[in-house]
Amino acid sequence: MITKNIFKYMAACLVGIATATALTGCSSEEDPFFTASEDDMPRILNTDIPEGINGQPASLPSIERTANFALEVIVTPVHYTTVTWFIDNVQVAEGTSVNVPVLAGDHTVKIVATTTKGLSTSRTLKLNVRPAATDPNPGNDIHERLVKQGSSAQLHGVNMSVVTKVIIGSQTVDATYDAANDCVTYTVPTLPDGTYDLRLADATGFVYGAGQIELNENPEYPVPTETTLLEGQFVIDWDANICHLGADVLADIPVGSTLKIYYEVPEAEYHNLRVVTNWWNDVPGGAQIDIKSDTPNPFLLQFTEEFKEMVTTQEGMSCVGFGYTVTSITYE
């Protein structure tokens with residue numbers, strides 16, 4: 001009798017297992033159970049998108065002009081939400097991902113998630129696109145970025161010999177390369193006073209971003225408040241010789257001035273910024289930090305008596321660390 005009961009129990013267990021297996025087999029990872037509905041407020045769930053601070057948009061990692069801007073977002077409620085991508089207020093994509101070319105320069109990226117019920121949320125970010133090594137890249141001289149309509153203007157910079165056209169806003173004008181002065185000359189188009197996108201074109205018609213330019217019928221050039229100590233593209237990789245200012249360069253800086261280190265952050269595993277003397281001692285305020293989305297750019301240092309004494313006796317200062325590019329160092 002006991003043996004029969006055991007067999008009955010075992011049979012019941014086998015039936016239960018088979019039933020559970022059959023029910024499991026009917027489910028699919030492709031048809032999960034969703035609790036979010038079209039009445040819910042949309043959310044962008046990415047943890048890899050930096051948050052802005054004090055109402056200012058955060059910066060995405062900079063990219064080179066030859067690489068597309070590519071990003072993917074995770075949204076909820078996913079089945080009821082449309083994602084739209086804008087760069088400088090122009091729609092460039094729709095969907096949960098974007099992969100588009102962007103001209104060199106500073107841009108504003110806006111991601112808008114809207115549900116079928118019209119509920120909406122958004123993220124606004126900054127994106128810096130660096131010129132490629134062979135791209136024409138004009139400088140930022142105020143006399144070339146603030147010009148008068150109808151005047152003859154110049155643009156100095158890198159690789160400017162390839163430029164045949166200057167594009168300001170919607171207007172395109174011919175450009176002539178001046179080999180003697182290593183610049184291009186052009187006639188400023190007649191447009192209303194204002195700030196416009198500046199672009200350059202080569203003989204093939206390829207267009208390069210070049211930042212912005214201001215047109216003004218009565219340009220009054222401001223007195224510069226910053227003095228440039230160093231300018232270029234210094235990719236920092238734990239070497240004090242890459243971005244170094246000698247004691248002689250720093251000698252004329254008045255105590256009380258603010259040193260400004262302008263930098264870019266390309267993609268890398270990590271980003272460390274440190275400012276040292278040439279004897280590898282941290283200057284005041286220069287101890288190593290991780291560069292994050294809220295790290296000030298430019299990075300500021302106060303030129304105190306202690307700072308001056310250190311760089312005078314220890315052969316200057318250097319930007320060291322890893323994973324960032326110094327573009328200029330100034331003081332005011």
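Heavy-atom basis, side chains included; hydrogens, waters and symmetry copies ignored. Bear in mind that the values here come from a model prediction, so they are computed numbers and not experimental data. Residue indices begin at 1 and follow the sequence shown.
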Subject >> Verdict with reasoning, Gln314 to Glu309, per side chain to side chain contact (heavy atoms under 4.5 Å, CB included) >> reply: CA-CA 8 Å; Gln314 299 182 30; Glu309 174 68 18; over 6 Å; no
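- The NZ atom of Lys148 lies 11.0 Å from the OG1 atom of Thr190; values are rounded to the nearest 0.5 Å.
- Minimum heavy-atom separation, Ala201 to Ile167: CB-CD1, 4.4 Å.
- Between the side chain of Asn159 and the backbone N or O of Asp135, at least one donor-acceptor pair lies under 3.5 Å.
- Under the 3.5 Å distance criterion, the side-chain polar atoms of Arg130 are left unmatched by any main-chain donor or acceptor of Gly105.
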**OP:** List the steps and the verdict of side chain to side chain contact (heavy atoms under 4.5 Å, CB included) for Lys110 and Thr124.
**Re:** CA-CA 4 Å; Lys110 187 172 185 179; Thr124 300; 3.8 Å; yes
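- Annotation: the span from Phe307 atom CZ to Thr277 atom OG1 amounts to 9.5 Å, rounded to 0.5 Å.
- You'll find the side chain of Val184 stays beyond 4.5 Å of the side chain of Thr176, heavy atoms only.
- Residues forming a salt bridge (charged side-chain N to carboxylate O under 4.0 Å, His left out) with Glu72 (at least two apart in sequence, or on another chain): none.
- By the rule that hydrophobic residues join a cluster once side-chain heavy atoms approach within less than 4.5 Å of another member, Ile329 and Val320 end up as members of separate clusters.
- Checking Thr164, Asp182, Thr185 one by one against Tyr177, the side-chain hydrogen bond (donor to acceptor under 3.5 Å, both in side chains) holds for a single residue, Asp182.
- With 3.5 Å as the limit, one finds no donor-acceptor pair spanning the side chains of Asp282 and Gln288.
- Not one N or O on the side chain of Asn181 forms a donor-acceptor pair closer than 3.5 Å with the backbone of Cys183.
- The main-chain N or O of Asp88 is never found under 3.5 Å from a side-chain atom of Thr108 such that the two would form a donor-acceptor pair.
- Atom CD of Glu217 sits in a crowded spot, with more than 12 heavy atoms from other residues, nucleotides or ligands closer than 6.0 Å.
- Counting only distance, with no hydrogens or angles, the side chain of Asp178 and the backbone of Ala180 share a donor-acceptor pair below 3.5 Å.
- You'll find the side chain of Ser59 stays beyond 4.5 Å of the side chain of Asn128, heavy atoms only.
- Listed here is the closest heavy atom pair of Met160 and His156: CG-C, 4.1 Å.
- With hydrogens and angles left out, the side-chain atoms of Ser62 and Glu264 include no donor and acceptor closer than 3.5 Å.
- The distance from atom CD1 of Ile74 to atom CZ of Arg43, rounded to the nearest 0.5 Å, is 11.5 Å.
- Side-chain contact between Gln233 and Thr327: present, with at least one pair of heavy atoms (C-beta onward) separated by less than 4.5 Å.
- Closest heavy-atom contact between Pro42 and Thr121: O-CG2, 3.4 Å.
- With respect to the salt-bridge test (charged N to carboxylate O, under 4.0 angstrom), the residues Asp39 and Lys117 qualify.
- Distance OG1/Thr295 to CG/Asp290: 8.0 Å, rounded to 0.5 Å.
- Taking each heavy atom of Ser120 and Thr114 in turn, the nearest pair found is OG-OG1, 3.5 Å.
- Taking the side chain as every heavy atom from C-beta outward, Pro138 and Leu200 approach each other to under 4.5 Å.
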Subject >> Verdict with reasoning, Cys319 to Leu273, per side chain to side chain contact (heavy atoms under 4.5 Å, CB included) >> reply: CA-CA 7 Å; Cys319 295; Leu273 185 152; over 6 Å; no
Original post:
For Thr115 and Glu38, what are the C-alpha separation, side-chain angles and deciding distance, and is it a side chain to side chain contact (heavy atoms under 4.5 Å, CB included)?
Top reply: CA-CA 7 Å; Thr115 68; Glu38 60 183 331; 5.7 Å; no
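- Between Tyr324 and Tyr263, the ring planes lie perpendicular to each other; the angle is over 60°, past the 30° to 60° tilted range.
- For the side chain to side chain contact (heavy atoms under 4.5 Å, CB included) test with Val188, the passing option among Val173, Ile213, Leu215, Val166 is Leu215; the others fail.
- The two residues Tyr80 and Ser37 come nearest to each other via the heavy atoms CD1-C, 3.8 Å.
- Considering NE2 of His107 and CG of Asp197, their distance stands at 8.5 Å, rounded to 0.5 Å.
- In terms of modelled atom types and a separation under 3.5 Å, the side chain of Asn68 and the main chain of Ala70 share no donor-acceptor contact.
- Here the side chains of Asn281 and Val283 are not in contact, with every heavy-atom distance at 4.5 Å or above.
- Annotation: side chain of Tyr186 is in contact with side chain of Ile168 (closest heavy-atom distance under 4.5 Å).
- By the 4.5 Å heavy-atom criterion applied to side chains, Arg274 and Trp280 are counted as neighbours.
- Other members of the cluster containing Leu127 are Ile44, Ile49, Leu60, Ile63, Phe69, Leu71, Val73, Val75, Val83, Trp85, Ile87, Val92, Val98, Val100, Val102, Val109, Ile111, Leu125, Val129, with ILVMFWY side chains joined at under 4.5 Å, either directly or via other members.
- In the hydrophobic clustering of ILVMFWY residues, with side-chain heavy atoms under 4.5 Å counting as a link, Leu119 and Val112 come out apart.
- Every residue two or more places apart in sequence or in another chain was checked for a side chain to side chain donor-acceptor pair (under 3.5 Å) with Arg145, and none qualifies.
- Under the 4.5 Å side-chain heavy-atom criterion for grouping Ile, Leu, Val, Met, Phe, Trp and Tyr, Tyr208 is not connected to Leu198 through any hydrophobic cluster.
- Tracing side-chain contacts under 4.5 Å through hydrophobic residues (I, L, V, M, F, W, Y), one reaches Ile291 starting from Leu301; they form part of the same cluster.
- Checking Thr304 against Gln302 by side-chain atom types alone, no donor-acceptor pair falls below 3.5 Å.
- At a threshold of 4.5 Å between non-hydrogen side-chain atoms, the residues Leu259 and Met317 count as touching.
- Heavy-atom minimum distance, Pro131 versus Glu64: O-CG, 4.1 Å.
- Summarising the geometry, atom CD belonging to Glu231 is positioned 6.0 Å from atom OG belonging to Ser328; distances are rounded to the nearest 0.5 Å.
- For Asn89, the CG atom sits in a loose shell: 12 or fewer heavy atoms of surrounding residues, nucleotides or ligands are nearer than 6.0 Å.
- Leu155 and Val158 sit in two unconnected hydrophobic clusters of ILVMFWY residues. Membership requires side-chain heavy atoms under 4.5 Å apart, directly or through other members.
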